Protein chains: 2
Amino acid sequence: MATDRDSVLEAAVGILSRRPTAHLDEIARAAGISRATLHRIFPGREALILEVGALGLRRFSAALDTARIEEGNAEAALRRLVDAVVPDAALCAFLAGENQLYDHEEINDLWEKQDARVRALFLRGQQEGAFRVELSAAWLSEAFFDLVAGIGWAVQEGRLAPRESAFSLAELFLGGALRRSDTP
Amino acid sequence: MATDRDSVLEAAVGILSRRPTAHLDEIARAAGISRATLHRIFPGREALILEVGALGLRRFSAALDTARIEEGNAEAALRRLVDAVVPDAALCAFLAGENQLYDHEEINDLWEKQDARVRALFLRGQQEGAFRVELSAAWLSEAFFDLVAGIGWAVQEGRLAPRESAFSLAELFLGGALRRSDTP
DNA sequence: AAATTTTGAGACATGAAAGTCTCAAATGCG
DNA sequence: CGCATTTGAGACTTTCATGTCTCAAAATTT
């Protein structure tokens, strides 16, 4: 459930994923609280950003769990992952853009762990013959994340309907832009 | 050719695309000049950022020109575009992340114009039967840009070899991650 | 309804980066 | 070689977001 802190963090993401330099004023207003209260909940800007990152990682990690990406065939696992991750795409977009967090050991470790799970999925998919081997698993993993972030931005700014987002992401990433006469 | 200003701007991109909040000190050092000289060339931070954006758009526009995206079949045009745009991927990554520039009329207009050209390419490709029609031209265009930015980041941080970048971008975007028995 | 707690608005202090200036060193030019 | 221009290092001022504080209003509890 969305605790009090989490709802503030989600409001913060809405602002920060678009403008990482936004003032605390603005974030507080978006969260519907005063700057004073924001300060009471989070000691300062740095702490706030850190917690947004931590929330993003928790959600991403939870998405990997609910999608059970280690099970079944790789393509189906990836499709499940898309469905699970799309609701938190904005959070992922923030994570993707916030390279500053990477010198925080705790965050860094958690990120590394989740990233490894995704890379492993692609590697497994390549070994199963599901994914192309001409593209490195690392690049597949990174590109996937880029597109998740892109979906997050596009939805947030109204350029893409939320209902289409999972389909658009999965189809483009898996199938590419080229039309084909046959289904694979 | 890279005039004096442009070389400073390119150094600035190297820093700013990774950390948009970097101090001017750092940017000056990266450009090999002093903070005083940086101030002499660009009146201030805002002006610098603006010019970086303008350079990015000029380069992107030039890439669309050299790729002659309006000519020939759409797939080939897109492949040419990939080759033309990859050298400036870092600049594009900056553009993608810098939504602040969008309230500058001049920049905004220029961006809108180039974006329209790319969208037109995808639309044309869909009409020719080259690109899938289940995905909107707007999303194809946006996703393409997301991946260009991703390539820029990955190369800049050494996660992807520059020589592989054009291939990785074109293949993933056009063909997707799924392996296929036949070539389309 | 009274008491306790939480919140918001604003004033104020702090600190850090941006912007400005000066002057000596370096560079380029005639 | 001497003159002119440009550059760099640093001190300084300014600006603005952050962080801190206070107090009254609102909400919650009992």
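In what follows, chains carry the letters A, B, and so on, assigned in the order in which the sequence lines appear, proteins first and then strands, with residues in each chain numbered from 1. Remember, it's a predicted structure, so these values are computed and weren't measured experimentally.
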Once you round it to whole Å, what is the distance between C1' of C/dG8 and CD1 of A/Ile27?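 My rounded result for the distance is 18 Å.
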
What is the distance from CD1 of A/Ile49 to P of D/dG19, rounded to the nearest Å? 11 Å

For residues 136-152 of chain A, which residue pairs qualify under salt bridge (Lys or Arg N to Asp or Glu O under 4.0 Å), counting only residues two or more places apart or in two chains?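 As it turns out, the salt bridge (Lys or Arg N to Asp or Glu O under 4.0 Å) pairs with a partner in residues 136-152 of chain A, which skip direct neighbours, are A/Glu142-B/Arg159.
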
Test ring-ring contact (aromatic ring centres under 6.0 Å, His included), reference A/Phe173, set A/Phe131, A/Phe144, A/Phe167, output is A/Phe144

What does the B/S/- profile of nucleotides 9-20 of chain C look like, 5' to 3', with a 4.0 Å heavy-atom cutoff to protein? B-B-----SBBB

Work out which heavy atom in B/Arg79 is nearest to a heavy atom in B/Ala170; give both atom names and the distance. NH1-CB, 4.1 Å

Quick one: closest heavy-atom pair of B/Ala74 and B/Gly125, and the distance?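 Answer, listing the atom of B/Ala74 first, then B/Gly125: CB-CA, 3.4 Å.
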
Aromatic contact, A/Phe145 with A/Phe60 (centres under 6.0 Å):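 Yes; A/Phe60 has its ring centre under 6.0 Å from that of A/Phe145.
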
